[in-house]
Structures are given as structure tokens and as C-alpha cells.
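These values consider heavy atoms only, across backbone and side chains, with no hydrogens, waters or symmetry-generated copies. Start at 1 and go down the list; that is how both ligands and their atoms are numbered.
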Amino acid sequence: MILKKVVFPAAGLGTRFLPVTKCIPKEMLPIVDKPLIQYGVEEALSAGFKDVIIVTGRGKNAIEDYFDYSFELEYILSQREDNGNLEEITKLPKEVDVAYVRQKKPLGLGHAILCAENLISSDEYFGVVLSDDIIDAKVPVLKQMVEIVKKYKAPVISLMEVDKTMVNKYGIIKGKEIEERVYELNDMIEKPKVEDAPSNLAIIGRYILPAEIFSYIKKVKPGKNGEIQLTDALRDYAKKKRILGYIFEGTRYDAGDKFGYLHANIMFGLKRRDIGDKIKKIIKC
Ligand code: UTP
């Protein structure tokens with residue numbers, strides 16, 4: 001099984017986070033001092049993925065600059081003998097080569113992933129990371145998922161148990177448990193009414209999919225605002241082929257939402273040696 005590429009859809013408008021996302025890509029918002037997308041990329045690298053593909057759109061140039069060298073800043077830091085910061089800002093460009101594809105219109109997550117089709121060969125599996133789903137986990141979630149993909153030789157999507165009253169905010173699955181935490185999926189429903197939800201297992205932003213999924217995405221009928229939803233393609237796939245869901249171990253924050261973003265900043269900040277104690281003090285106030 002070939003599994004080395006990972007796609008980061010990053011061409012959405014980030015409307016839940018306006019006004020800042022008017023000119024700063026949501027994926028570049030910091031959790032403490034690193035942008036959201038860097039957490040996702042580091043997770044993918046530690047899970048063994050080698051090639052990063054970022055789907056960008058208009059106004060997202062800061063992402064490309066971030067993964068590149070910054071000669072002027074590096075020169076100034078080296079003159080100041082500020083080696084800590086110099087090492088920090090050159091680490092990513094040294095470690096990762098990124099390929100970019102452009103989604104010319106924000107036509108939904110399914111469409112964004114389809115934009116990467118030419119960079120993935122027909123016999124490959126690939127990862128997908130939605131970097132605004134930030135997950136604090138002992139073992140990186142993608143790494144947990146790779147184990148399941150290899151064991152069952154089937155695609156896997158990440159799942160999280162949510163409160164029954166919250167199912168209308170997520171894609172919800174219907175499936176049968178085949179091993180602790182692992183489900184064989186029969187169906188998926190995007191944002192069901194509480195009374196119609198087949199479970200309380202929500203789809204979260206990590207997927208490992210076969211290249212075959214592109215042909216399913218192409219058949220999806222555009223929905224609201226002309227958007228092509230990945231969930232629709234996954235549902236069609238589940239009706240014909242085996243696809244698994246995996247309840248990951250870790251804590252997920254929805255950093256694409258203002259409250260979730262601040263929550264993640266506090267929780268990640270608390271873990272930091274330089275500022276954790278200071279945050280504890282103000283929380284007590
Ligand atoms: P979201 O729905 O969370 O992002 O999509 P959004 O559309 O940018 O945000 P809101 O809802 O308007 O606030 C999940 C991921 O899919 C990407 C987004 O950039 C985000 O990382 N995406 C979404 C695309 O790349 N293209 C799209 O057309 C839609």
C-alpha cells in the first residue's frame with residue numbers, strides 16, 4: 001500500500017472567523033505561537049507522511065511564505081546571534097517540501113480535495129487533514145489511523161463521540177463496531193436533526209482515503225452554494241465498498257470557531273513551560 005502524501009485543504013473562506021480572515025488565512029491563525037496548519041503538518045510528518053500538498057485559494061499567500069525560507073529575517077537573526085529563533089524559523093522549510101494546488105472557487109471540501117487529483121496516482125492512499133480540527137494526542141491521530149488502514153487495508157475516517165444534543169453540528173455515521181474503537185460504516189448524514197441521528201459518532205477532520213474516492217467526488221451533485229461535500233462522496237463509497245471509522249484517542253478543539261480557538265490556545269498554552277504558570281494564575285483570578 002502506497003501511503004506517503006497528505007492533503008491540506010486550506011482554501012475555505014473562514015467565515016466563522018471574520019473579520020480577521022478577511023486578509024489572514026484561517027490556517028495561519030496561531031495556537032500560542034505556531035499557525036494551525038503547522039500543527040497538522042507536524043502531525044502528518046510524525047505519522048510517516050512525506051509529501052505535503054496544500055490546497056490554497058485567493059488571499060492565502062501567507063501559507064506559502066510560511067513554509068519557505070525568509071532570507072532577510074534569517075540574515076538579521078544570524079547577525080544578532082539569535083540562534084534559537086533562527087533554528088525555529090528554518091526547521092520547517094528544511095524538513096518539508098510542499099506542493100500547492102489552487103482551488104479557484106471555494107466550492108466545498110470535496111471539490112478542494114479533487115483539486116489534488118493530478119498529484120496522486122491511481123493506486124495510492126492519501127491522508128487528508130483539516131487543520132482547524134486541532135487534536136492534542138499522545139500518539140498523533142494520523143499515526144493511530146495508519147495502523148488501522150494497514151491492518152484492514154481499507155480507508156479510515158476519524159470519529160469522535162459527541163453529546164447527543166450536538167449531532168446537528170457534525171457529519172454523523174451509521175455503522176457496526178468490529179473492534180474496540182473501529183466501525184464499519186454503512187451510512188453518513190450531514191448535520192442530522194437530533195431525533196434522526198443514527199449515532200452520536202461525529203466525523204472529524206482526519207481521513208485516509210484511496211485515490212478511487214476522486215471518481216466518487218466527481219459524481220456528487222453540488223448542494224447549498226454550489227458546494228461539493230466530501231461526506232456525500234464517502235456515503236456513496238460506503239454503499240459499494242468497505243470504509244471504516246476510528247474513534248481516535250485524544251482531545252479535539254474546533255479552532256475554526258472562535259470559542260474552540262480560544263479554548264485550544266488556553267489548553268496548549270497551559271502545557272508550555274514558558275507561559276503555562278502565568279496562564280494558571282490568570283485563570284484563578
Ligand atoms: P470549513 O468549513 O471548516 O472551513 O472547512 P471554511 O469554509 O473555511 O470555514 P467557515 O465555515 O466559512 O468558517 C474545513 C477545511 O476545508 C477547507 C477549509 O480551508 C478548511 O481548512 N475548505 C473548505 C477548502 O479548502 N475549500 C472549500 O471550498 C471549503
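Taken from CD in Q79 to CD in E74, the straight-line distance is 12.5 Å, to the nearest 0.5 Å. Taking CD from Q229 and CG from L234, the interatomic distance works out to 10.5 Å, rounded to the nearest 0.5 Å.
Within 4.0 Å of ligand 1, heavy atoms belong to protein residues P9, A10, A11, G12, L13, G14, T15, R16, K26, E27, Q103, P106, L107, G108, L109, A112, L130, D132.
Between G108 and Q103, the shortest heavy-atom distance links the atoms O-NE2, 3.3 Å.
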Can I get a per-line list of side-chain donor-acceptor pairs under 3.5 Å for residues 124-134, giving both atom names and the distance, sequence neighbours left out?
residue : atom : partner : partner atom : Å
E124    : OE1  : K5      : NZ           : 3.0
E124    : OE1  : S121    : N            : 2.8
E124    : OE1  : S121    : OG           : 3.0
D132    : OD2  : K26     : NZ           : 2.7
D133    : OD1  : R252    : NE           : 2.8
D133    : OD1  : R252    : NH2          : 2.7
D133    : OD2  : G205    : N            : 2.7

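Without hydrogens or angle criteria, K258 side chain to L18 main chain gives a donor-acceptor distance under 3.5 Å.
If you look at Y183 and Y246, their ring centroids are not closer than 6.0 Å.
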